Amino acid sequence: MASFVIEGGHKLHGEIYPQGAKNEVLQILCATLLTSEEVTVTNIPDILDVNNLIQLLRDMGVKVSKTGIDSYAFKADTVDLNYLESDEFLKKCSSLRGSVMLVGPLVARFGKALISKPGGDKIGRRRLDTHFIGIQKLGACFNYDEERSIFSICADHLEGTDMLLDEASVTGTANIVMASVLAKGKTTIYNAACEPYLQQLCRMLNGMGAKITGIASNLLTIEGVESLHGCSHRVLPDMIEVGSFIGMAAMTGSELTIKNVSHENLGIIPESFRRLGIRVEQRGDDLFIPEQEHYQIESFIDGSIMTIADAPWPGLTPDLLSVVLVVATQAKGSVLIHQKMFESRLFFVDKLIDMGAQIILCDPHRAVVIGHDRNFQLRAGNMTSPDIRAGIALLIAAMSADGTSRIHNIEQIDRGYQNIDQRLNALGARITRI
Ligand SMILES: CC(=O)N[C@H]1[C@@H](OP(=O)(O)OP(=O)(O)OC[C@H]2O[C@@H](n3ccc(=O)[nH]c3=O)[C@H](O)[C@@H]2O)O[C@H](CO)[C@@H](O)[C@@H]1O
Ligand SMILES: C=C(OP(=O)(O)O)C(=O)O
(Lines give C-alpha, C1' and ligand atoms only; values in the text may rest on other atoms or scores of the structure.)
(Ligands and ions follow the chains in the order given, each with its own letter.)
Protein backbone atom coordinates (compact mmCIF):
# COMPACT_ATOMS: atom_id res chain seq x y z
CA MET A 1 0.00 0.00 0.00
CA ALA A 2 1.66 3.25 -1.13
CA SER A 3 1.21 6.60 0.61
CA PHE A 4 1.48 10.31 -0.10
CA VAL A 5 3.33 12.64 2.26
CA ILE A 6 2.00 16.14 1.72
CA GLU A 7 3.56 19.34 2.96
CA GLY A 8 0.61 21.69 3.22
CA GLY A 9 0.32 25.42 2.74
CA HIS A 10 1.91 25.80 -0.71
CA LYS A 11 0.01 27.71 -3.34
CA LEU A 12 -0.27 26.38 -6.88
CA HIS A 13 0.35 28.45 -9.96
CA GLY A 14 0.19 27.76 -13.66
CA GLU A 15 -1.67 25.63 -16.17
CA ILE A 16 -2.93 22.09 -15.99
CA TYR A 17 -4.44 19.85 -18.68
CA PRO A 18 -7.16 17.42 -17.61
CA GLN A 19 -6.65 13.77 -18.54
CA GLY A 20 -9.13 11.81 -20.67
CA ALA A 21 -12.35 10.84 -18.86
CA LYS A 22 -12.07 7.58 -16.91
CA ASN A 23 -15.76 6.77 -16.95
CA GLU A 24 -16.04 7.40 -20.68
CA VAL A 25 -13.01 5.37 -21.63
CA LEU A 26 -14.22 2.33 -19.66
CA GLN A 27 -17.34 2.28 -21.88
CA ILE A 28 -15.35 2.90 -25.07
CA LEU A 29 -12.90 0.08 -24.34
CA CYS A 30 -15.78 -2.38 -23.88
CA ALA A 31 -17.38 -1.20 -27.13
CA THR A 32 -14.28 -2.24 -29.09
CA LEU A 33 -15.54 -5.82 -28.63
CA LEU A 34 -18.52 -5.08 -30.89
CA THR A 35 -16.54 -5.33 -34.14
CA SER A 36 -13.86 -7.52 -35.67
CA GLU A 37 -12.36 -4.43 -37.30
CA GLU A 38 -9.78 -2.08 -35.82
CA VAL A 39 -10.86 0.70 -33.47
CA THR A 40 -8.42 3.43 -32.51
CA VAL A 41 -8.92 5.48 -29.37
CA THR A 42 -7.00 8.61 -28.35
CA ASN A 43 -6.74 10.61 -25.13
CA ILE A 44 -6.76 7.46 -23.00
CA PRO A 45 -5.65 8.27 -19.44
CA ASP A 46 -2.80 6.24 -17.97
CA ILE A 47 -4.62 5.20 -14.79
CA LEU A 48 -5.03 1.91 -12.94
CA ASP A 49 -8.67 1.18 -13.81
CA VAL A 50 -8.12 1.81 -17.49
CA ASN A 51 -4.86 -0.14 -17.69
CA ASN A 52 -6.51 -3.08 -15.91
CA LEU A 53 -9.38 -3.11 -18.40
CA ILE A 54 -6.98 -2.91 -21.36
CA GLN A 55 -5.07 -5.88 -19.92
CA LEU A 56 -8.33 -7.78 -19.48
CA LEU A 57 -9.15 -7.22 -23.18
CA ARG A 58 -5.68 -8.49 -24.10
CA ASP A 59 -6.20 -11.58 -21.94
CA MET A 60 -9.46 -12.21 -23.81
CA GLY A 61 -7.57 -12.31 -27.08
CA VAL A 62 -8.15 -8.74 -28.32
CA LYS A 63 -5.11 -7.46 -30.24
CA VAL A 64 -4.06 -4.26 -28.52
CA SER A 65 -1.27 -1.98 -29.70
CA LYS A 66 -0.13 1.29 -28.20
CA THR A 67 0.05 3.72 -31.11
CA GLY A 68 1.04 6.89 -29.27
CA ILE A 69 1.49 8.39 -25.84
CA ASP A 70 -2.25 8.25 -25.11
CA SER A 71 -3.59 6.25 -28.04
CA TYR A 72 -4.25 2.59 -28.66
CA ALA A 73 -5.60 0.41 -31.46
CA PHE A 74 -7.89 -2.54 -30.63
CA LYS A 75 -8.85 -5.42 -32.92
CA ALA A 76 -11.28 -7.96 -31.50
CA ASP A 77 -11.26 -10.32 -34.50
CA THR A 78 -10.71 -13.32 -32.25
CA VAL A 79 -12.00 -13.50 -28.70
CA ASP A 80 -11.29 -16.48 -26.46
CA LEU A 81 -14.73 -17.23 -25.02
CA ASN A 82 -13.34 -20.11 -22.91
CA TYR A 83 -11.23 -17.55 -21.05
CA LEU A 84 -14.47 -16.05 -19.70
CA GLU A 85 -14.95 -19.23 -17.67
CA SER A 86 -11.49 -19.06 -16.08
CA ASP A 87 -10.90 -18.17 -12.45
CA GLU A 88 -8.29 -15.65 -13.59
CA PHE A 89 -10.82 -13.72 -15.72
CA LEU A 90 -13.44 -13.76 -12.97
CA LYS A 91 -10.91 -12.56 -10.40
CA LYS A 92 -9.76 -9.69 -12.62
CA CYS A 93 -13.37 -8.59 -13.29
CA SER A 94 -13.95 -8.27 -9.58
CA SER A 95 -11.19 -5.67 -9.27
CA LEU A 96 -12.85 -2.97 -11.36
CA ARG A 97 -16.31 -1.54 -11.93
CA GLY A 98 -15.84 -1.05 -15.68
CA SER A 99 -15.70 -4.82 -16.28
CA VAL A 100 -19.49 -4.99 -15.94
CA MET A 101 -19.77 -3.29 -19.35
CA LEU A 102 -18.17 -6.28 -21.08
CA VAL A 103 -21.55 -8.02 -20.75
CA GLY A 104 -23.53 -6.03 -23.35
CA PRO A 105 -20.98 -6.31 -26.18
CA LEU A 106 -20.17 -9.96 -25.45
CA VAL A 107 -23.80 -11.10 -25.47
CA ALA A 108 -24.59 -9.01 -28.56
CA ARG A 109 -21.68 -10.31 -30.65
CA PHE A 110 -21.00 -13.78 -29.23
CA GLY A 111 -24.28 -14.72 -27.53
CA LYS A 112 -22.61 -15.34 -24.20
CA ALA A 113 -21.21 -13.37 -21.27
CA LEU A 114 -19.93 -14.27 -17.86
CA ILE A 115 -18.64 -11.91 -15.19
CA SER A 116 -18.06 -11.91 -11.47
CA LYS A 117 -19.36 -9.21 -9.19
CA PRO A 118 -17.51 -6.12 -10.44
CA GLY A 119 -15.22 -4.10 -8.19
CA GLY A 120 -14.94 -0.33 -7.94
CA ASP A 121 -15.43 1.99 -5.02
CA LYS A 122 -16.95 0.62 -1.85
CA ILE A 123 -19.43 3.43 -1.42
CA GLY A 124 -22.61 1.60 -0.49
CA ARG A 125 -24.90 -0.78 -2.34
CA ARG A 126 -24.22 -0.83 -6.07
CA ARG A 127 -26.89 -2.99 -7.59
CA LEU A 128 -26.86 -4.25 -11.16
CA ASP A 129 -30.57 -4.98 -11.64
CA THR A 130 -30.99 -2.31 -14.32
CA HIS A 131 -28.27 -3.94 -16.44
CA PHE A 132 -29.62 -7.46 -16.29
CA ILE A 133 -33.32 -6.64 -16.48
CA GLY A 134 -32.61 -4.59 -19.61
CA ILE A 135 -30.54 -7.29 -21.27
CA GLN A 136 -33.18 -9.91 -20.42
CA LYS A 137 -35.82 -7.71 -22.04
CA LEU A 138 -33.82 -8.02 -25.24
CA GLY A 139 -34.34 -11.79 -25.01
CA ALA A 140 -31.25 -13.03 -23.16
CA CYS A 141 -31.39 -15.60 -20.36
CA PHE A 142 -29.76 -14.67 -17.11
CA ASN A 143 -28.44 -16.63 -14.16
CA TYR A 144 -26.78 -15.51 -10.93
CA ASP A 145 -24.66 -18.04 -9.10
CA GLU A 146 -24.93 -16.68 -5.58
CA GLU A 147 -22.27 -18.95 -4.13
CA ARG A 148 -19.57 -17.87 -6.62
CA SER A 149 -21.03 -14.35 -7.21
CA ILE A 150 -21.06 -14.98 -10.96
CA PHE A 151 -23.52 -13.53 -13.45
CA SER A 152 -24.00 -15.43 -16.70
CA ILE A 153 -26.01 -14.42 -19.74
CA CYS A 154 -26.70 -16.23 -22.97
CA ALA A 155 -28.79 -15.53 -26.05
CA ASP A 156 -29.24 -17.13 -29.48
CA HIS A 157 -30.15 -13.71 -30.73
CA LEU A 158 -31.41 -10.42 -29.28
CA GLU A 159 -34.70 -8.73 -30.27
CA GLY A 160 -35.32 -5.00 -30.01
CA THR A 161 -38.04 -3.89 -27.58
CA ASP A 162 -39.32 -0.86 -25.62
CA MET A 163 -38.06 -0.51 -22.09
CA LEU A 164 -38.34 1.91 -19.19
CA LEU A 165 -35.33 1.64 -16.90
CA ASP A 166 -36.01 1.48 -13.17
CA GLU A 167 -33.22 4.03 -12.68
CA ALA A 168 -30.97 6.07 -14.94
CA SER A 169 -27.91 3.91 -14.32
CA VAL A 170 -24.78 5.08 -16.14
CA THR A 171 -23.06 1.74 -16.71
CA GLY A 172 -26.47 0.02 -16.99
CA THR A 173 -27.51 2.26 -19.89
CA ALA A 174 -24.14 1.73 -21.57
CA ASN A 175 -24.52 -2.05 -21.30
CA ILE A 176 -28.05 -2.07 -22.72
CA VAL A 177 -27.13 0.30 -25.55
CA MET A 178 -24.16 -1.89 -26.50
CA ALA A 179 -26.39 -4.98 -26.47
CA SER A 180 -29.18 -3.41 -28.50
CA VAL A 181 -27.09 -1.99 -31.36
CA LEU A 182 -26.79 -5.53 -32.75
CA ALA A 183 -30.33 -6.67 -31.75
CA LYS A 184 -32.93 -7.37 -34.42
CA GLY A 185 -35.33 -4.43 -34.88
CA LYS A 186 -35.94 -1.32 -32.85
CA THR A 187 -35.18 -0.74 -29.16
CA THR A 188 -36.26 2.28 -27.17
CA ILE A 189 -34.68 2.99 -23.79
CA TYR A 190 -36.58 5.49 -21.66
CA ASN A 191 -35.11 6.90 -18.43
CA ALA A 192 -31.72 6.33 -20.00
CA ALA A 193 -28.72 7.97 -18.35
CA CYS A 194 -27.29 10.68 -20.61
CA GLU A 195 -23.98 11.76 -19.05
CA PRO A 196 -21.39 12.94 -21.60
CA TYR A 197 -19.80 9.49 -21.15
CA LEU A 198 -22.91 7.96 -22.72
CA GLN A 199 -23.26 10.62 -25.37
CA GLN A 200 -19.71 9.86 -26.43
CA LEU A 201 -20.36 6.11 -26.46
CA CYS A 202 -23.42 6.58 -28.68
CA ARG A 203 -21.50 8.86 -31.05
CA MET A 204 -18.74 6.31 -31.29
CA LEU A 205 -21.23 3.49 -31.97
CA ASN A 206 -22.88 5.58 -34.71
CA GLY A 207 -19.39 6.08 -36.15
CA MET A 208 -19.15 2.27 -36.27
CA GLY A 209 -22.43 2.02 -38.21
CA ALA A 210 -25.00 1.86 -35.38
CA LYS A 211 -28.26 3.78 -35.67
CA ILE A 212 -28.90 5.58 -32.39
CA THR A 213 -31.04 8.70 -32.06
CA GLY A 214 -32.00 10.73 -29.02
CA ILE A 215 -28.36 11.16 -27.93
CA ALA A 216 -28.07 13.47 -24.88
CA SER A 217 -31.70 12.85 -23.91
CA ASN A 218 -33.24 10.23 -21.63
CA LEU A 219 -35.02 8.52 -24.55
CA LEU A 220 -32.73 6.60 -26.85
CA THR A 221 -33.97 4.88 -29.99
CA ILE A 222 -31.77 2.22 -31.52
CA GLU A 223 -32.36 0.53 -34.88
CA GLY A 224 -30.42 -2.71 -34.74
CA VAL A 225 -27.87 -3.41 -37.49
CA GLU A 226 -26.25 -6.67 -38.69
CA SER A 227 -22.68 -5.72 -37.84
CA LEU A 228 -20.45 -2.80 -36.90
CA HIS A 229 -17.19 -1.66 -38.42
CA GLY A 230 -14.02 0.00 -37.13
CA CYS A 231 -13.72 3.69 -36.24
CA SER A 232 -11.54 6.17 -34.43
CA HIS A 233 -12.65 7.92 -31.29
CA ARG A 234 -11.26 10.67 -29.07
CA VAL A 235 -12.11 10.65 -25.36
CA LEU A 236 -13.33 13.91 -23.76
CA PRO A 237 -11.45 15.60 -20.92
CA ASP A 238 -12.38 14.20 -17.52
CA MET A 239 -15.03 16.51 -16.08
CA ILE A 240 -14.44 15.10 -12.58
CA GLU A 241 -10.77 16.02 -12.81
CA VAL A 242 -11.73 19.51 -14.01
CA GLY A 243 -14.03 19.92 -10.98
CA SER A 244 -11.34 18.56 -8.67
CA PHE A 245 -8.87 21.16 -9.96
CA ILE A 246 -11.40 24.00 -9.50
CA GLY A 247 -11.85 22.91 -5.89
CA MET A 248 -8.12 22.50 -5.34
CA ALA A 249 -7.37 26.01 -6.65
CA ALA A 250 -10.00 27.59 -4.39
CA MET A 251 -9.04 25.65 -1.27
CA THR A 252 -5.30 26.41 -1.61
CA GLY A 253 -5.94 30.07 -2.56
CA SER A 254 -4.20 29.54 -5.89
CA GLU A 255 -4.45 30.99 -9.37
CA LEU A 256 -4.87 28.17 -11.86
CA THR A 257 -5.76 27.79 -15.52
CA ILE A 258 -7.38 24.49 -16.45
CA LYS A 259 -6.74 24.02 -20.15
CA ASN A 260 -9.01 22.58 -22.87
CA VAL A 261 -11.86 21.56 -20.57
CA SER A 262 -14.52 21.03 -23.27
CA HIS A 263 -16.74 23.58 -21.57
CA GLU A 264 -19.89 22.53 -23.40
CA ASN A 265 -19.64 19.12 -21.73
CA LEU A 266 -19.19 20.32 -18.15
CA GLY A 267 -22.89 20.93 -17.59
CA ILE A 268 -23.68 22.37 -14.18
CA ILE A 269 -20.20 21.77 -12.70
CA PRO A 270 -18.73 25.31 -13.01
CA GLU A 271 -21.98 26.83 -11.72
CA SER A 272 -21.99 24.52 -8.69
CA PHE A 273 -18.57 25.83 -7.63
CA ARG A 274 -19.71 29.41 -8.31
CA ARG A 275 -22.52 28.85 -5.79
CA LEU A 276 -19.78 28.32 -3.19
CA GLY A 277 -18.48 31.78 -4.09
CA ILE A 278 -15.57 30.55 -6.21
CA ARG A 279 -14.76 32.65 -9.27
CA VAL A 280 -14.62 30.43 -12.32
CA GLU A 281 -13.94 32.34 -15.54
CA GLN A 282 -14.41 30.77 -18.92
CA ARG A 283 -11.64 31.87 -21.31
CA GLY A 284 -12.21 30.18 -24.65
CA ASP A 285 -12.17 26.51 -23.78
CA ASP A 286 -10.06 27.06 -20.64
CA LEU A 287 -11.20 27.78 -17.10
CA PHE A 288 -9.32 30.45 -15.17
CA ILE A 289 -9.56 30.36 -11.38
CA PRO A 290 -8.12 33.55 -9.88
CA GLU A 291 -6.44 33.61 -6.48
CA GLN A 292 -9.15 34.30 -3.93
CA GLU A 293 -8.50 35.02 -0.27
CA HIS A 294 -12.17 34.54 0.65
CA TYR A 295 -15.17 32.91 -1.01
CA GLN A 296 -18.68 33.11 0.30
CA ILE A 297 -21.34 30.42 -0.12
CA GLU A 298 -24.53 31.82 -1.64
CA SER A 299 -27.90 31.43 0.05
CA PHE A 300 -31.05 30.55 -1.83
CA ILE A 301 -33.14 33.53 -3.04
CA ASP A 302 -35.41 33.24 0.01
CA GLY A 303 -32.38 33.47 2.31
CA SER A 304 -32.37 29.81 3.29
CA ILE A 305 -29.19 27.74 3.54
CA MET A 306 -27.73 26.38 0.30
CA THR A 307 -28.05 22.68 -0.53
CA ILE A 308 -25.78 21.03 -3.06
CA ALA A 309 -27.06 17.60 -4.08
CA ASP A 310 -26.24 15.06 -6.76
CA ALA A 311 -28.61 13.94 -9.50
CA PRO A 312 -28.41 12.03 -12.77
CA TRP A 313 -27.18 14.19 -15.68
CA PRO A 314 -27.78 17.06 -16.31
CA GLY A 315 -27.73 17.28 -12.51
CA LEU A 316 -24.49 17.41 -10.54
CA THR A 317 -22.48 14.19 -10.66
CA PRO A 318 -22.13 12.43 -7.28
CA ASP A 319 -18.43 12.01 -8.07
CA LEU A 320 -17.78 15.68 -7.26
CA LEU A 321 -19.66 16.02 -3.98
CA SER A 322 -16.66 14.99 -1.84
CA VAL A 323 -14.63 17.78 -3.47
CA VAL A 324 -17.45 20.31 -3.05
CA LEU A 325 -17.69 19.33 0.61
CA VAL A 326 -14.01 19.78 1.37
CA VAL A 327 -13.89 23.14 -0.42
CA ALA A 328 -16.84 24.38 1.64
CA THR A 329 -14.86 23.88 4.86
CA GLN A 330 -12.80 27.04 4.09
CA ALA A 331 -15.65 29.11 2.64
CA LYS A 332 -17.67 31.75 4.45
CA GLY A 333 -21.16 30.43 5.18
CA SER A 334 -22.86 27.06 5.45
CA VAL A 335 -24.05 24.44 3.02
CA LEU A 336 -25.90 21.15 3.21
CA ILE A 337 -24.23 18.48 1.10
CA HIS A 338 -26.80 15.86 0.13
CA GLN A 339 -25.34 12.72 -1.45
CA LYS A 340 -28.53 11.07 -2.65
CA MET A 341 -27.13 8.20 -4.68
CA PHE A 342 -24.54 6.45 -2.55
CA GLU A 343 -24.86 5.40 1.06
CA SER A 344 -21.26 5.31 2.28
CA ARG A 345 -19.54 8.11 0.50
CA LEU A 346 -19.65 10.75 3.22
CA PHE A 347 -18.03 8.82 6.07
CA PHE A 348 -14.63 10.29 5.19
CA VAL A 349 -15.77 13.56 6.81
CA ASP A 350 -14.58 12.12 10.15
CA LYS A 351 -11.05 12.65 8.87
CA LEU A 352 -11.80 16.27 7.97
CA ILE A 353 -13.31 16.80 11.42
CA ASP A 354 -10.05 15.46 12.94
CA MET A 355 -8.24 18.11 10.87
CA GLY A 356 -10.42 20.84 12.42
CA ALA A 357 -13.23 21.17 9.87
CA GLN A 358 -16.68 22.01 11.20
CA ILE A 359 -19.00 19.42 9.76
CA ILE A 360 -22.09 17.72 11.12
CA LEU A 361 -22.73 14.33 9.56
CA CYS A 362 -26.52 14.26 9.86
CA ASP A 363 -26.91 10.75 8.41
CA PRO A 364 -25.09 8.68 5.77
CA HIS A 365 -26.45 10.88 2.99
CA ARG A 366 -26.27 14.39 4.43
CA ALA A 367 -23.58 16.58 5.95
CA VAL A 368 -23.77 20.22 6.98
CA VAL A 369 -20.52 22.13 6.50
CA ILE A 370 -19.95 25.32 8.44
CA GLY A 371 -17.19 27.19 6.63
CA HIS A 372 -14.23 28.71 8.55
CA ASP A 373 -13.74 31.61 6.12
CA ARG A 374 -10.02 30.77 6.44
CA ASN A 375 -10.02 31.95 10.05
CA PHE A 376 -7.68 29.06 10.71
CA GLN A 377 -5.96 26.43 8.62
CA LEU A 378 -6.90 22.78 8.81
CA ARG A 379 -4.41 20.72 10.87
CA ALA A 380 -2.28 18.14 9.11
CA GLY A 381 -3.66 14.60 9.34
CA ASN A 382 -2.75 10.96 9.00
CA MET A 383 -5.47 9.22 7.00
CA THR A 384 -6.39 6.42 4.65
CA SER A 385 -8.22 6.99 1.41
CA PRO A 386 -11.48 5.01 1.43
CA ASP A 387 -12.44 5.69 -2.20
CA ILE A 388 -11.22 7.57 -5.24
CA ARG A 389 -13.12 10.82 -4.68
CA ALA A 390 -12.70 10.93 -0.89
CA GLY A 391 -9.02 10.36 -1.70
CA ILE A 392 -8.74 13.46 -3.87
CA ALA A 393 -10.79 15.46 -1.33
CA LEU A 394 -8.37 14.44 1.44
CA LEU A 395 -5.43 15.33 -0.80
CA ILE A 396 -6.94 18.80 -1.33
CA ALA A 397 -7.45 19.16 2.44
CA ALA A 398 -3.85 18.10 3.10
CA MET A 399 -2.50 20.54 0.47
CA SER A 400 -4.21 23.41 2.25
CA ALA A 401 -3.41 22.23 5.80
CA ASP A 402 -0.84 23.47 8.26
CA GLY A 403 1.96 20.90 8.48
CA THR A 404 2.73 17.55 6.91
CA SER A 405 -0.06 15.02 6.29
CA ARG A 406 0.01 11.42 5.17
CA ILE A 407 -2.57 9.67 3.02
CA HIS A 408 -2.36 5.89 2.82
CA ASN A 409 -3.95 3.56 0.28
CA ILE A 410 -3.32 6.03 -2.53
CA GLU A 411 -3.96 3.25 -5.06
CA GLN A 412 -7.52 4.49 -4.67
CA ILE A 413 -6.48 7.90 -6.01
CA ASP A 414 -4.32 6.34 -8.75
CA ARG A 415 -7.40 4.46 -9.95
CA GLY A 416 -8.73 7.70 -11.38
CA TYR A 417 -6.08 10.44 -11.42
CA GLN A 418 -3.09 10.12 -13.72
CA ASN A 419 0.29 10.82 -12.18
CA ILE A 420 -1.38 13.25 -9.82
CA ASP A 421 1.60 13.87 -7.53
CA GLN A 422 3.95 14.86 -10.38
CA ARG A 423 1.36 16.98 -12.15
CA LEU A 424 0.55 18.91 -8.98
CA ASN A 425 4.19 19.22 -7.92
CA ALA A 426 4.86 20.87 -11.29
CA LEU A 427 2.42 23.59 -10.16
CA GLY A 428 4.06 24.08 -6.77
CA ALA A 429 2.57 21.36 -4.57
CA ARG A 430 4.86 19.31 -2.27
CA ILE A 431 3.69 15.73 -2.52
CA THR A 432 6.01 12.75 -2.07
CA ARG A 433 5.04 9.20 -2.95
CA ILE A 434 6.44 6.58 -0.57
C1 LIG B 1 -17.46 3.36 -14.07
C2 LIG B 1 -18.50 4.42 -13.94
O3 LIG B 1 -18.97 4.96 -14.92
N4 LIG B 1 -18.84 4.76 -12.70
C5 LIG B 1 -19.81 5.80 -12.48
C6 LIG B 1 -21.20 5.24 -12.65
O7 LIG B 1 -21.32 4.15 -11.77
P8 LIG B 1 -22.58 3.15 -11.89
O9 LIG B 1 -22.98 3.04 -13.31
O10 LIG B 1 -22.15 1.95 -11.16
O11 LIG B 1 -23.70 3.91 -11.10
P12 LIG B 1 -25.27 3.94 -11.38
O13 LIG B 1 -25.55 5.07 -12.32
O14 LIG B 1 -25.73 2.59 -11.75
O15 LIG B 1 -25.86 4.29 -9.95
C16 LIG B 1 -25.14 4.81 -8.90
C17 LIG B 1 -25.95 4.80 -7.64
O18 LIG B 1 -26.93 5.78 -7.73
C19 LIG B 1 -28.22 5.25 -7.55
N20 LIG B 1 -29.09 5.91 -8.51
C21 LIG B 1 -28.77 5.85 -9.84
C22 LIG B 1 -29.64 6.44 -10.76
C23 LIG B 1 -30.76 7.11 -10.28
O24 LIG B 1 -31.54 7.65 -11.08
N25 LIG B 1 -30.99 7.17 -8.96
C26 LIG B 1 -30.16 6.58 -8.05
O27 LIG B 1 -30.40 6.64 -6.86
C28 LIG B 1 -28.06 3.76 -7.81
O29 LIG B 1 -29.02 3.01 -7.09
C30 LIG B 1 -26.65 3.50 -7.36
O31 LIG B 1 -26.57 3.24 -6.00
O32 LIG B 1 -22.18 6.26 -12.37
C33 LIG B 1 -22.13 6.75 -11.02
C34 LIG B 1 -23.28 7.75 -10.87
O35 LIG B 1 -23.09 8.87 -11.65
C36 LIG B 1 -20.76 7.37 -10.76
O37 LIG B 1 -20.69 7.71 -9.39
C38 LIG B 1 -19.63 6.38 -11.08
O39 LIG B 1 -18.40 7.04 -11.05
C1 LIG C 1 -17.33 5.77 -8.16
C2 LIG C 1 -16.38 5.94 -9.05
O3 LIG C 1 -15.77 4.98 -9.76
P4 LIG C 1 -16.22 3.44 -9.95
O5 LIG C 1 -17.62 3.48 -10.48
O6 LIG C 1 -15.23 2.94 -10.96
O7 LIG C 1 -16.09 2.80 -8.62
C8 LIG C 1 -15.87 7.28 -9.39
O9 LIG C 1 -15.26 7.43 -10.47
O10 LIG C 1 -16.04 8.21 -8.59
Side-chain angles (χ1 to χ4, degrees), residues 19-31 45 47-53 93-104 115 117-134 164-178 189-201 218 235-236 238-244 267-269 309-325 338-346 348 364-365 385-393 411-418 420:
Q19 67 188 25
K22 158 182 149 312
N23 289 347
E24 176 187 332
V25 85
L26 295 174
Q27 303 188 4
I28 300 301
L29 292 175
C30 294
I47 53 177
L48 262 179
D49 267 26
V50 168
N51 294 335
N52 286 342
L53 187 55
C93 284
S94 60
S95 73
L96 78 154
R97 186 84 190 151
S99 63
V100 70
M101 290 179 291
L102 296 170
V103 169
I115 57 151
K117 214 171 185 174
D121 278 341
K122 301 283 173 264
I123 45 184
R125 285 178 300 165
R126 303 191 70 174
R127 66 197 182 88
L128 294 172
D129 302 52
T130 312
H131 301 234
F132 295 122
I133 293 171
L164 169 56
L165 304 188
D166 65 339
E167 62 177 23
S169 166
V170 172
T171 51
T173 304
N175 241 338
I176 298 166
V177 167
M178 288 190 278
I189 310 172
Y190 195 25
N191 198 24
C194 57
E195 276 70 6
Y197 318 133
L198 277 151
Q199 300 175 29
Q200 285 285 97
L201 172 71
N218 67 351
V235 176
L236 282 176
D238 195 317
M239 62 180 184
I240 315 296
E241 234 202 22
V242 172
S244 305
I268 206 172
I269 291 171
D310 56 350
W313 192 268
L316 181 65
T317 164
D319 297 347
L320 272 174
L321 278 190
S322 305
V323 171
V324 169
L325 186 149
H338 194 163
Q339 166 69 254
K340 294 184 181 173
M341 294 196 196
F342 294 104
E343 284 149 359
S344 315
R345 230 179 186 182
L346 290 184
F348 81 102
H365 287 278
S385 168
D387 68 72
I388 171 175
R389 307 304 169 189
I392 198 77
E411 288 76 11
Q412 278 297 344
I413 305 179
D414 289 336
R415 237 168 43 76
Y417 294 86
Q418 179 176 323
I420 193 72

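As the structure is a computational prediction, the values presented were derived from the model and not from experiment. In each ligand, atom 1 is the first atom listed, and ligand 1 is the first ligand listed.
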Can a non-hydrogen atom of [X] be found less than 4.0 Å from any atom of ligand 1?
{"X": "Gly98", "result": "no"}
{"X": "Ala168", "result": "yes"}
{"X": "Thr317", "result": "no"}

Answer yes or no: does an N/O atom from [X] fall short of 3.5 Å to an N/O atom of ligand 1?
{"X": "Lys340", "answer": "no"}
{"X": "Ser169", "answer": "yes"}
{"X": "Pro312", "answer": "no"}
{"X": "Asn23", "answer": "yes"}
{"X": "His131", "answer": "no"}

Quick one: nearest non-hydrogen protein atom to [atom], plus distance?
{"atom": "atom 1 (C) of ligand 2", "answer": "Arg345 NH2, 3.1 Å"}
{"atom": "atom 3 (O) of ligand 2", "answer": "Lys22 NZ, 3.0 Å"}
{"atom": "atom 2 (C) of ligand 2", "answer": "Asp121 OD2, 3.5 Å"}

Could you check if a side-chain atom of Leu325 sits within less than 4.5 angstrom of a side-chain atom of Leu346, using non-hydrogen atoms only?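 Counting from C-beta outward, Leu325 and Leu346 do come under 4.5 Å.
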
Distance filter under 4.0 Å to Leu26 heavy atoms, resulting ligand 1 atoms: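 With Leu26 as reference, the close atoms of ligand 1 come out as 1 (C).
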
Of all the atoms in ligand 1, which lie at a distance below 4.0 Å from a heavy atom belonging to Pro318?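 Answer, ordered by atom number: 34 (C), 35 (O), 37 (O).
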
Would you say Asp319 has any N or O atom under 3.5 Å from an N or O of ligand 2, going by distance alone?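 Yes; at least one N/O pair falls below 3.5 Å.
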
At under 4.0 Å between heavy atoms, which part of Arg126 makes contact with ligand 2: side chain, backbone, both or neither?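 The part of Arg126 near ligand 2 is the side chain, not the backbone.
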
Basic-acidic side-chain contact under 4.0 Å: Arg127, Asp166: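 Salt bridge present between Arg127 and Asp166.
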
Closest contact, heavy atoms only, Asp238 versus Ile240: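 Closest heavy-atom pair between Asp238 and Ile240: OD1-N, 2.9 Å.
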
